[in-house]
Amino acid sequence: MKTKLGIHWFRQDLRLSQNPSLEALSNKVDQIVPIYILDPKERMGSVSKWWLEQSLKNLNDNIERKNGKLKIFEGNPFDIIKSLFINKNIEYFYWNRLYDPYSITRDKKIKSLLKLEDINCVTFNGYLLNEPWEIKNKSGSFFKVFTPYWRYCNEITRSRKHNKKIQNIKFYNLNFKNSKNIQDLNLTNKKLKWTDKINKHWLPGENNAQLQLQKFINQKADNYSIGRDRPDKNLTSKLSPYLHFGEISPIEIYNQIRVTKTINSENKDKFLAEIGWRDFSYNLLYHYPDMTKQPIQNKFNKFPWLNDNKNLKKWQKGFTGIPIVDAGMRQLYETGWMHNRVRMIVGSFLTKNLLLHWKLGEQWFFDTLVDADIGSNSAGWQWISGCGADASPYFRIFNPILQGQKFDPKGKYVKKYIPELQNVTNKFIHNPWEMSEESQISCGCRIGKDYPNPIVDLKETRNRALSAFKTIS
DNA sequence: AGGTGATTGCC
DNA sequence: GCAATCACC
């Protein structure tokens, strides 16, 4: 009897557990041929490439434990997929959907190709809690504000039935002459020392994603509601990169958190809402496919952004003279990640105080974050810069001194990433330029020499931003 | 998912 | 003198 074969195309679903496409395919075929295609046209940042390489290795290890091998390709997915069926006995081709405009267009074409070739092609949602096109408000439109969006989505996600699937995936090692090894993809630049540093901070892969979730549930979730805002404490889940690469399913996270009795409802609700923000971002991106490049409020096309490459560079490398901003930017560059509270602060500083275009921030974050994700990243930048769907401009000009004092009261976070400020007293840790000359000398930090003066005046630039907003409203 | 400046309320 | 509160940005 002929063995029935099907291909599962791995994309941002680099996991074997709770993978709807894999589960459905297992019920249709005897053995699954797992493939991954590196699509050079897909936007991917430097740090993401590093993560991807690690994650593919981990996935392949898990597949090899089940006697298969992840087949890797590089190039235009349409052409590669077309070539896979030549002289091969493959009847099924399944994948989990992606929701960014590039993937949607690309995958549509591939789906019609497979139809022509008479291959059974079915796709699944393994990436979001809900399909963006299914979520509508009472007037039949999509939501533009998070709170009502989440009230609705949380309810339907909660009341949905979740069947625990029993895994019995059988892989098959099928040979293709155009397949490659992971290292042939050249995802990491060996000359670049940058990713060596990231290495120390992260363990990519499905197995580690599960450990990370358990660690969050057991050690952090109890203090999440208040603790999540404190960059000086390690109380966030750090699941974002795993979610981006699909090393863990958002539905699984949602359900596990929901059923854990030891987490009180306030902490649960706050955390689930963060998972909700991720879906909300894709809800926006689905309905505003130009969102990565164009402001959602088009009056922002007239906004008087400044052109100042020097200030941009100082922001990127963490030399603005504002401690909480610099600490955040240095954390990002060093670890590939930044605490969310600080992301908002540095975003507000770039777009409001420096008056630099939010796209510049979007690009830098996309290149340097381990969790760089088209949806969350562009939605976040539009939100903080005030051109997003629900933004009101003056509402989000953060005062980085107050933010620092409130969320990093002892300057522990600032000192961790800015050694120059090591011996500055609590009183001045977020505004060191206000120290007397004697204090500067006695704490070994002369402002303007050991650590820069603020590159802009906070009060002045706040007012400048407000008048800039007036010119377009 | 804020900030500012003015006013009020309290010592 | 100062913290809490509010209206407005």
Side-chain angles (χ1 to χ4, degrees), chain A residues 143-151 153-154 223-233 235-238 240 266-281 283-284 296-297 299-300 303-304 322-325 328 337-355 358 361-362 365 371 373 375-409 413 427 430-431 434 454 456-473:
Chain A
F143 289 92
K144 291 154 199 83
V145 180
F146 177 73
T147 310
Y149 168 87
W150 184 237
R151 213 184 348 258
C153 285
N154 196 14
N223 295 303
Y224 187 73
S225 174
I226 301 171
R228 78 200 179 103
D229 265 327
R230 294 287 297 269
D232 56 342
K233 302 180 181 202
L235 288 171
T236 63
S237 75
K238 295 198 172 173
S240 52
E266 194 194 346
N267 289 322
K268 258 183 203 178
D269 291 346
K270 275 272 170 9
F271 181 73
L272 292 180
E274 297 302 316
I275 303 297
W277 272 98
R278 179 175 173 275
D279 258 48
F280 180 61
S281 300
N283 165 76
L284 290 178
I296 289 174
Q297 299 181 51
K299 68 179 181 188
F300 274 83
F303 192 82
I322 310 292
I324 191 81
V325 173
W337 185 85
M338 195 195 304
H339 188 279
N340 185 55
R341 164 62 48 183
V342 190
R343 294 190 197 196
M344 296 192 274
I345 301 171
V346 304
S348 168
F349 185 78
L350 180 79
T351 58
K352 315 263 165 114
N353 295 104
L354 298 183
L355 226 55
W358 59 271
E362 195 271 349
F365 269 32
D371 59 27
D373 185 279
S376 304
N377 196 39
S378 51
W381 278 98
Q382 293 232 13
W383 183 87
I384 195 65
S385 66
C387 59
D390 71 335
S392 67
Y394 44 75
F395 196 70
R396 288 175 196 129
I397 302 180
F398 288 15
N399 178 332
I401 305 172
L402 294 181
Q403 289 280 319
Q405 289 166 343
K406 194 168 171 193
F407 298 114
D408 181 28
Y413 175 77
K427 192 178 173 201
H430 293 290
N431 51 341
E434 282 171 7
V456 289
D457 180 89
L458 293 174
K459 198 171 175 181
E460 216 170 84
T461 49
R462 178 179 208 276
N463 291 329
R464 181 177 67 176
L466 287 172
S467 9
F469 284 117
K470 266 187 200 145
T471 66
I472 61 158
S473 51

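Please read all numbers here as calculations on a predicted model, not as lab measurements. In what follows, chains carry the letters A, B, and so on, assigned in the order in which the sequence lines appear, proteins first and then strands, with residues in each chain numbered from 1.
Listed by chain and number, the residues in a salt bridge (charged side-chain N to carboxylate O under 4.0 Å, His left out) with R278(A) amount to none (sequence neighbours excluded).
By the 4.0 Å N-to-carboxylate-O rule, D457(A) lies too far from K459(A) to be salt-bridged with it.
With contacts defined as side-chain heavy-atom distances shorter than 4.5 Å, the pair V325(A)/N353(A) does not qualify.
To the nearest 0.5 Å, atoms CD1 (I384(A)) and NZ (K352(A)) are separated by 6.0 Å.
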Within the 4.0 Å limit for protein heavy atoms, which parts of nucleotides 1-6 of chain B are touched? Write it as a string from 5' to 3', B for base, S for sugar-phosphate only, - for none. BBSSS-
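With respect to F349(A), the side chain to side chain contact (heavy atoms under 4.5 Å, CB included) criterion is satisfied by exactly one of N399(A), T461(A), L354(A): L354(A).
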